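Heads up: the structure comes next, in structure tokens.
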Amino acid sequence: MFLYTDDVVMGENLAIVRPVLVIGVGGAGSKIASNAYSAADSQFIAISNDINDKVEREDFILIDPKTWANPSSYKLRYYAQESSRKIRDALRGFDTLIMVANLAGRGGSAIAPVISKLAHEESSKKTIVSIVIMPFRFEKDRVFQAAISLKRIRDSSDATIVLDNDSFIESNPDLQLDQCYQMTNKALIQTIDIVCRGEYKELGTTFLCSSDSNGGAEVATADSVAMMYHNDYPESIKSTLLYVMGGKMVAVGLLNSIANNLKEIFTDLNTPGISILVSDGDKMNVNLLTSVEKTTRFDDYDPLAQIIPRENTLDWDDLDSSPDIELEIPDIE
Ligand SMILES: Nc1nc2c(ncn2[C@@H]2O[C@H](COP(=O)(O)OP(=O)(O)OP(=O)(O)O)[C@@H](O)[C@H]2O)c(=O)[nH]1
Ligand SMILES: [Mg+2]
């Protein structure tokens, strides 16, 4: 149910057409997707380089790194490309694909761009929604790979929803790691659900902020807005959807004043669209989805991209990977 929606939002909407396949990539992606898909009335598959990510049932593609115990992201991507036929077969017959991956993981950052590219190449009629988790700032070795993967995924997806682990910790510094995962995973599962139900309509890139503050809907909304500001891209916001879970327990007058407050905050920024979506649920939490127009701070993670424009980047169309090439070196002695 929509409580409030601005009619100013115009333009093309994201098309969600059934049947829908929810794809979990890597460890965290598989876990989140497997928890979301049944409620979302869709099918599920997990794709990972780790057999332990298989979730009880048969729908699993193993990207086997053969004899490698510690394959690099590039090596894993090569093996993912080797499995292209299997992946294409699994995607066939679905009109909408919702892919969930943690780009902080080696598996996620290596495999997810291969899947979105294969899906995009197969048919321009397929709708591809990618939902990705970005690394904590302290995961320094993962930040670069994650940023490059995000860029590639955005190129081949109709909509990309980004949850930044870092902005969660930044706005909740006392949060323990498992509490952070619990919160973010809940927000992601709820987001997959609203995408599947066709209630999420934005094309392009969106940021997901969330809060389950005990202070009620108003404080939780304020927390989410603060988290959004941590991402430092308020000027480029196109539209905003506030999803209030368990919102039927919240007074209508309060929801109304939240809508007005949001409108006031974002009117200053010349933002055209604000919507509030309310749903049933035992516990209250809010998810704030803000669609952004311009590049994001993740582009700063790849400093060369600031200097060299996309059109001058050699071989951008081919994903970087590290193939196994066996050279026969003759014995010249
Ligand atoms: N938000 C969230 N982040 C998680 C969760 N589990 C792990 N992470 C983060 O994701 C990273 C690892 O992601 P995984 O999905 O396990 O990695 P992978 O894709 O399986 O790749 P490997 O690195 O090869 O295991 C860690 O650095 C954590 O930052 C989770 O449940 N929720
Ligand atoms: Mg893993």
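Index from 1, following the sequence. Since the structure is predicted, the reported quantities are computational estimates derived from the model, not experimental observations. Atoms within a ligand are numbered from 1 in the order they appear, just like the ligands themselves.
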Practice task
Hey, can you tell me if F136 and Y181 have their rings parallel, tilted or perpendicular (30° and 60° cut-offs)?
Solution key: tilted

Practice task
Ignoring hydrogens and angles, tell me if any N or O in the side chain of K238 forms a donor-acceptor pair with the backbone of V292 under 3.5 Å.
Solution key: no

Exercise for the section: May I ask you to check whether I133 has an N/O atom sitting below 3.5 Å from an N/O atom of ligand 1? Expected result: no

Problem - Heavy-atom closest contact (M284 atom, G216 atom, distance) - result: CE-C, 3.4 Å

Handout entry: Closest protein heavy atom to atom 20 (O) of ligand 1, given as residue, atom name and distance to 0.1 Å
Key = G27 N, 2.7 Å

Handout entry: Numbered atoms and elements of ligand 1 in range of F136, under 4.0 angstrom, heavy atoms
Key = 29 (O)

Handout entry: Numbered atoms and elements of ligand 1 in range of G107, under 4.0 angstrom, heavy atoms
Key = 18 (P), 19 (O), 21 (O), 22 (P), 24 (O)

Handout entry: Salt-bridge criterion met for D193 and R197 (N-O under 4.0 Å)
Key = yes

Handout entry: Heavy atom of N49, distance to ligand 1 below 4.0 Å
Key = yes

Handout entry: Test: D89 and R92 ion pair at under 4.0 Å
Key = yes

Problem - Salt bridge flag under 4.0 Å for residues D53 and K31 - result: no

Practice task
Using a strict cut-off of less than 4.0 Å between a Lys/Arg side-chain nitrogen and an Asp/Glu carboxylate oxygen, indicate whether D141 and R106 qualify as a salt bridge.
Solution key: no

Practice task
Give the numbers and elements of all ligand 1 atoms closer than 4.0 Å to a heavy atom of E139.
Solution key: 26 (C), 27 (O), 28 (C), 29 (O)

Practice task
Consider ligand 1: state whether an atom of it lies below 4.0 angstrom from any non-hydrogen atom of Q182.
Solution key: no

Practice task
Using a strict cut-off of 4.0 Å, indicate which atoms of ligand 1 neighbour a heavy atom of R142.
Solution key: 11 (C), 12 (C), 26 (C), 27 (O)

Practice task
Ignoring hydrogens and angles, tell me if any N or O in the side chain of S321 forms a donor-acceptor pair with the backbone of P323 under 3.5 Å.
Solution key: no

Practice task
Return a yes/no value for A28: is any of its N or O atoms, backbone included, closer than 3.5 angstrom to an N or O of ligand 1?
Solution key: yes

Handout entry: Sub-4.0 Å protein heavy atom near atom 17 (O) of ligand 1
Key = yes

Completion exercise
Among non-hydrogen protein atoms, atom 9 (C) of ligand 1 lies closest to N102 ND2, 2.9 Å

Handout entry: Numbered atoms of ligand 1 (with element) below 4.0 Å of G108, judged on heavy atoms
Key = 19 (O)

Problem - salt_bridge(K126, D158) N-O dist < 4.0 Å - result: no

Practice task
Would you check the N or O atoms of V25, main chain and side chain alike, for any that come under 3.5 Å of an N or O of ligand 1?
Solution key: no

Handout entry: Interatomic spacing from CD in E218 to OG in S257 - rounded to 0.5 Å
Key = 5.0 Å

Problem - Closest protein heavy atom to atom 22 (P) of ligand 1, given as residue, atom name and distance to 0.1 Å - result: R106 N, 3.6 Å

Completion exercise
Counting from 1 in the order shown, the ligand 1 atoms closer than 4.0 Å to a non-hydrogen atom of G26 are 19 (O), 20 (O)

Problem - Residue, atom name and distance, where the atom is the protein heavy atom closest to atom 2 (C) of ligand 1 - result: Y181 CD2, 3.3 Å

Exercise for the section: Report yes or no: do D59 and Q43 form a side-chain donor-acceptor pair below 3.5 Å? Expected result: no

Practice task
Answer yes or no: does an N/O atom from T184 fall short of 3.5 Å to an N/O atom of ligand 1?
Solution key: yes

Handout entry: Contact partition for L163 relative to ligand 1, non-hydrogen atoms under 4.0 Å
Key = neither

Problem - Whether S279 side chain and M245 backbone form a donor-acceptor pair below 3.5 Å - result: no

Practice task
Considering only non-hydrogen protein atoms, determine which one is nearest to atom 31 (O) of ligand 1 and report residue, atom name and distance to 0.1 Å.
Solution key: N185 ND2, 2.8 Å

Fill in the blank from the handout: ligand 1 to N165, heavy atom cutoff 4.0 Å, flagged ligand atoms 1 (N), 3 (N), 29 (O)

